[in-house]
Amino acid sequence: ERESALDRDCTTLSRHVLEQLHSFSSDAQDLSAIMTRIALAGKLIARRLSRAGLMEGVLGFTGDTNVQGESVKKMDIYANEVFISVFKQSGLVCRLASEEMEQPYYIPENCPVGRYTLLYDPIDGSSNVDININVGSIFSIRQQEGEDTDGTAQDLLQSGGRSQLAAGYILYGPSTMLVYSIGRGVHAFVLDPSLGEFILADENLKTPEHGPVYSVNEGNFWQWDEPIRDYTRYVHRHEGYTARYGGAMVGDFHRILYQGGVFLYPGTTENPDGKLRLLYESAPLAFLMEQAGGRATTGTQEILDVVPTKLHARTPLFIGSRKDVALVESFLQEGVKRQ
Ligand code: P6P
């Protein structure tokens, strides 16, 4: 029967996680509490972004460069610290690993009770902040495996993306959306600012088998290997394809999740492993995409099977509808045959 508006408004994120797990076990309650903290981080970041241009500390650069050698934006720092702060009070998360920090950040008072690790990109696509185009936060939750005695989180380099307990993103767009999975489907919530709650909007999202969108930065065309150039020539020539590229992967991913298609960040001559980070960009999105019936590959290996060699490891990424990822792979395999 038609769900009442009241029922809908009461399907908050924390309730949804508990329902997903059909249990109120301590693990279920932990995950629900962790997701609630992530939602709080999202609300704090969304609030600050909504005031960009009206207050200090949102637009522009700090003047520093981060561990990736990229110039740091004020929002990168603010968002990075928001996640640390909301988890300090939570007691659940012992370690946080982020694109903005060379080494993981430990919350000693939470270790070892809080056996969870948060891996995140606090603001993905932060160059969009200054021009008021969407950006996102990407997160991944893992269980700490073994003792991390030397503080270098080696256990994160011993398993692939299938050991993620939860993954998702917050998309700061015309509305703020939180999309997550704990391995039981992909579910989308919209922030209702009047309630200050993320309310369930779409359950068990499935990406179409095929979609019209291909999303890639064609400015790198001459830096790609020939098979990727051939793929691009194919979609240029054939009807039914359209290019969309926002400069912030979360928005491009979100479009493909709903409408189908494929996002590509191939290796380039400058960055043979591509630009995107495995642990807190590609692996969380790959987790979601597989849950939504799509695929994510490096071109030679499923993203979720890749075991990183270092915390900030990069991988090439082809992610989206099964048929569209398969089309990219057919050009890559053709290229291998020609070698
Ligand atoms: P390029 C943003 O810096 C990011 O990590 C992704 O969000 C985005 O898709 C990509 O890099 C954009 O990179 O090289 O196309 O500007």
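The structure presented is a predicted model; accordingly, all values stated were derived computationally and were not measured. Order of listing sets the numbers, starting from 1, for every ligand and every atom in it.
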Please determine whether a side-chain nitrogen of the Lys or Arg among Glu329 and Arg295 lies less than 4.0 Å from a carboxylate oxygen of the Asp or Glu. yes
In the protein, what heavy atom is nearest to atom 14 (O) of ligand 1, and what distance, to one decimal place, separates them? Tyr265 OH, 2.6 Å
Does either side chain, that of Ser194 or that of Asp192, offer a donor lying less than 3.5 Å from an acceptor on the other one? yes
Plane angle bin for His16 and Tyr180 - parallel if under 30°, tilted between 30 and 60°, otherwise perpendicular: perpendicular
Where the closest heavy atom to atom 11 (O) of ligand 1 is concerned, which of Glu99, Glu270, Arg277, Lys275 has it? Lys275
Any donor-acceptor pair under 3.5 Å linking the side-chain atoms of Glu197 with those of Thr12? no
Checking heavy atoms under 4.0 Å, the part of Leu276 that sits near ligand 1 is side chain
CG/Asn132: more than 12 non-hydrogen atoms of other groups inside 6.0 Å: no
Quick note on ligand 1: atoms under 4.0 Å from a heavy atom of Tyr245 include exactly 1 (P), 9 (O), 10 (C), 12 (C), 13 (O), 15 (O)
So which heavy atom in the protein is nearest atom 7 (O) of ligand 1, and how far is it from that ligand atom? Asp124 OD2, 2.6 Å
Nearest-option assignment for atom 2 (C) of ligand 1, heavy atoms, candidates Gly246, Gly251, Gly125: Gly125
Could you check, using the six-membered ring where one of them is a Trp, whether Phe139 and Tyr169 have ring centers closer than 6.0 angstrom? no
Can the ring centres of Tyr280 and Tyr120 be said to be less than 6.0 Å apart? no
Within ligand 1, which atoms have a heavy atom of Phe263 less than 4.0 Å away? 9 (O)
If we number the atoms of ligand 1 from 1 as shown, the ones under 4.0 Å from a heavy atom of Met249 are 6 (C), 7 (O), 8 (C), 9 (O)
Tell me, please: is Glu281 in heavy-atom contact with ligand 1, that is, under 4.0 Å? yes
